[in-house]
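Note that ligands are numbered from 1 as they come in the structure, with each ligand's atoms numbered from 1 the same way. Being a predicted model, the structure only gives us computed values, none of them experimental.
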Amino acid sequence: MTTPWITIDLAKITHNARTIVHLCRQYGMTVTGVTKGTCGLPEVARAMLRGGVVSIGESRLKNIYRLTASGVHTTYMLLRTPPLSEVQDIVTTVDISLNAEVAVIAALSEAASRYSRVHGIIVMVDLGDLREGVWPDDLLPFVRQILPLPGIRIVGLGTNLSCYGGVIPSVDNMQQLVERVDQIERTFGLHLQYVSGGNSSALPLIAAGKMPLRVNHMRIGEAILLGRETLQRTPWPATFQDAFLLHAEVIEHKVKPSVPLGATGQDAFGKTPVFVDHGTRDRVIVNIGREDVDPAGLTPLDTRLSILGASSDHLLLDVTAAAGSIRLGDCLTFAMNYSALLAAMTSPYVDKRYVSCPAGSMASIPD
Ligand SMILES: *Cc1c(COP(=O)(O)O)cnc(C)c1O
């Protein structure tokens, strides 16, 4: 087998979803399962729905098309702010979108009216992470402008932290969100169905019992897919970290020096590498590279192996500590972080295979 592949354990994804849904339910929150790390793979969405998520969140319309075409019938939430150029497709495909621009909401309103639909709007509030969202002070005039628009309904307020600025969800910033919700409900006589507090980075605050009660919804991807919270990336209790594993074949195995010979310039990606002399080492090449995966996000399951580097099609490892047990043609297995998962799931050169391991068989993943 020369094609690298990812194994996807759907039972583990369902288990992880169930763990997160159970935690959130204890504190009065529902969970939207976020599939964008897998390019909206229908089997992954189904596994999440079996685990109790109430809807599916996606950043890309193409992924939502893939899901609906495969017969995954659920409520869809578009996470990335809609482009003006796509409003028509969005109102006919997606139930709810996350928004922060009046002009976009006006265009959604116009398109929805044309199709006699009502499109749900969650207004995003920027609580300091500086990615998407309306600045809190601008929120009242923002809502005042969109409230009269036909074809849309303001179904909630949301926020997203830990994505650009790395801002940690706290009692303080979550309380700010709740205060804005109260203010809008009072001012306009609305009831907001969703107070959407965040992503996998909010789990520590939730588990500590400190999430304000009025926050009633979470959008969770990574904690379900990879079993980690996203502040420190520590494994989340009672979840699997190995629902996705990457496998690639050893195509060269040789003993070579650890420092290149001759004068050196830039490598294949324009970097100037630096080498430390560890003498001659047992090295292997496996058939995967930057065209398939983010090599920095790979961890070999065999802790005796270490990754030396990668070019487009080759991943190099030092296997000296395990030299006797690795042969040409063997397959090496790697855990992936979110960045590696995203790339490998997107690469057409990486096969995707479903496996189901007996419940409780948890491979230990080195940190
Ligand atoms: C990706 C995304 C999420 C999910 O984030 P995870 O860290 O994978 O849980 C939630 N909300 C928005 C707006 C997103 O873009």
Side-chain angles (χ1 to χ4, degrees), residues 13 16-17 19-21 23-24 29-41 44-45 47-48 51 53-61 63-64 75-83 90 94 96-101 104 120-134 155-169 173-174 177 194-207 211 215-236 239 241 243-244 297 336-343 345-346:
I13 295 168
N16 287 0
T19 299
I20 303 297
V21 165
L23 169 73
C24 289
M29 282 175 266
T30 58
V31 176
T32 290
V34 175
T35 49
K36 70 189 186 198
T38 67
C39 302
L41 209 59
V44 169
M48 287 185 175
V53 306
V54 293
S55 56
I56 293 296
E58 253 302 332
S59 53
R60 292 168 192 248
L61 212 47
N63 291 350
I64 297 179
T75 301
Y76 285 101
M77 205 175 260
L78 185 68
L79 302 177
R80 186 169 66 178
T81 308
I90 286 164
V94 182
I96 296 170
S97 59
L98 275 42
N99 282 275
E101 288 286 356
V104 172
I121 303 283
I122 291 182
V123 176
M124 294 301 278
V125 187
D126 189 340
L127 295 175
D129 200 55
L130 306 185
R131 201 178 76 174
E132 74 272 44
V134 179
V155 294
L157 228 56
T159 196
N160 197 60
L161 297 172
S162 319
C163 266
Y164 173 72
V167 172
I168 298 173
N173 52 35
M174 286 298 119
L177 178 67
Y194 292 95
V195 181
S196 190
N199 53 39
S200 299
S201 68
L203 292 177
L205 191 70
I206 297 170
M211 186 61 81
V215 176
N216 62 10
H217 177 255
M218 286 289 147
R219 312 170 307 269
I220 304 288
E222 185 164 343
I224 296 176
L225 299 172
L226 296 177
R228 290 175 192 268
E229 53 79 28
T230 54
L231 293 176
Q232 309 291 335
R233 295 274 168 354
T234 45
W236 193 254
T239 62
Q241 285 75 53
F244 297 84
M336 290 175 282
N337 71 6
Y338 195 79
S339 162
L341 176 72
L342 190 62
M345 290 303 294
T346 309

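Looking at atom 12 (C) of ligand 1, its nearest protein heavy atom turns out to be N160 OD1, 3.5 Å. Atom 8 (O) of ligand 1 has as its closest protein heavy atom E222 N, 2.8 Å. When hydrogens are left out, the protein atom nearest atom 5 (O) of ligand 1 is N199 CB, 3.3 Å; that is the closest non-hydrogen contact.
Of the possible donor and acceptor atoms, one in the side chain of D129 sits under 3.5 Å from a partner among the backbone N and O of V167.
From L157, atom CG reaches atom CD1 of I121 across 12.5 Å, with rounding to the nearest 0.5 Å. The CZ atom of R233 sits 7.5 Å away from atom CG of N337, with the distance rounded to the nearest 0.5 Å.
Checked by distance only, ligand 1 and R219 come closer than 3.5 Å through their nitrogen or oxygen atoms. Where the criterion is an N or O separation shorter than 3.5 Å, residue side chain and backbone included, S200 meets it with respect to ligand 1. Residue Y338 has no nitrogen or oxygen atom sitting less than 3.5 Å from a nitrogen or oxygen atom of ligand 1, judged on distance alone. Of the polar atoms of A223, none of the N or O atoms is found under 3.5 Å from an N or O of ligand 1, judged by distance alone.
Of all atoms in ligand 1, numbered sequentially from 1 with element shown, those under 4.0 Å from a heavy atom of R131 are 13 (C), 14 (C), 15 (O). The I220 neighbourhood of ligand 1 comprises atoms 9 (O), with distances under 4.0 Å to a heavy atom of that residue.
Under a cut-off of 6.0 angstrom, the local environment of CD1 in I168 is sparse, with at most 12 non-hydrogen atoms contributed by other residues, nucleotides or ligands.
Proximity of E229 to ligand 1, defined as any heavy-atom pair under 4.0 Å, is not found for any part of the residue. Of all the heavy atoms of K36, the ones lying under 4.0 Å from any atom of ligand 1 belong exclusively to the side chain.
Of all the heavy atoms in L177 and G197, the pair that sits closest is CD2-CA, 4.2 Å. Residues V195 and V215 share a closest heavy-atom pair of O-CG1, 3.6 Å.
At least one heavy atom of E132 sits closer than 4.0 Å to an atom of ligand 1.
Screening M124, R219, E58 for a side-chain contact (heavy atoms from CB on, under 4.5 Å) with L79, the sole residue that qualifies is R219.
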* To do: Please assess Y194 against T32 for the test side chain to side chain contact (heavy atoms under 4.5 Å, CB included), listing each intermediate value before the final yes or no.
  => CA-CA 11 Å; Y194 292 95; T32 290; 5.5 Å; no
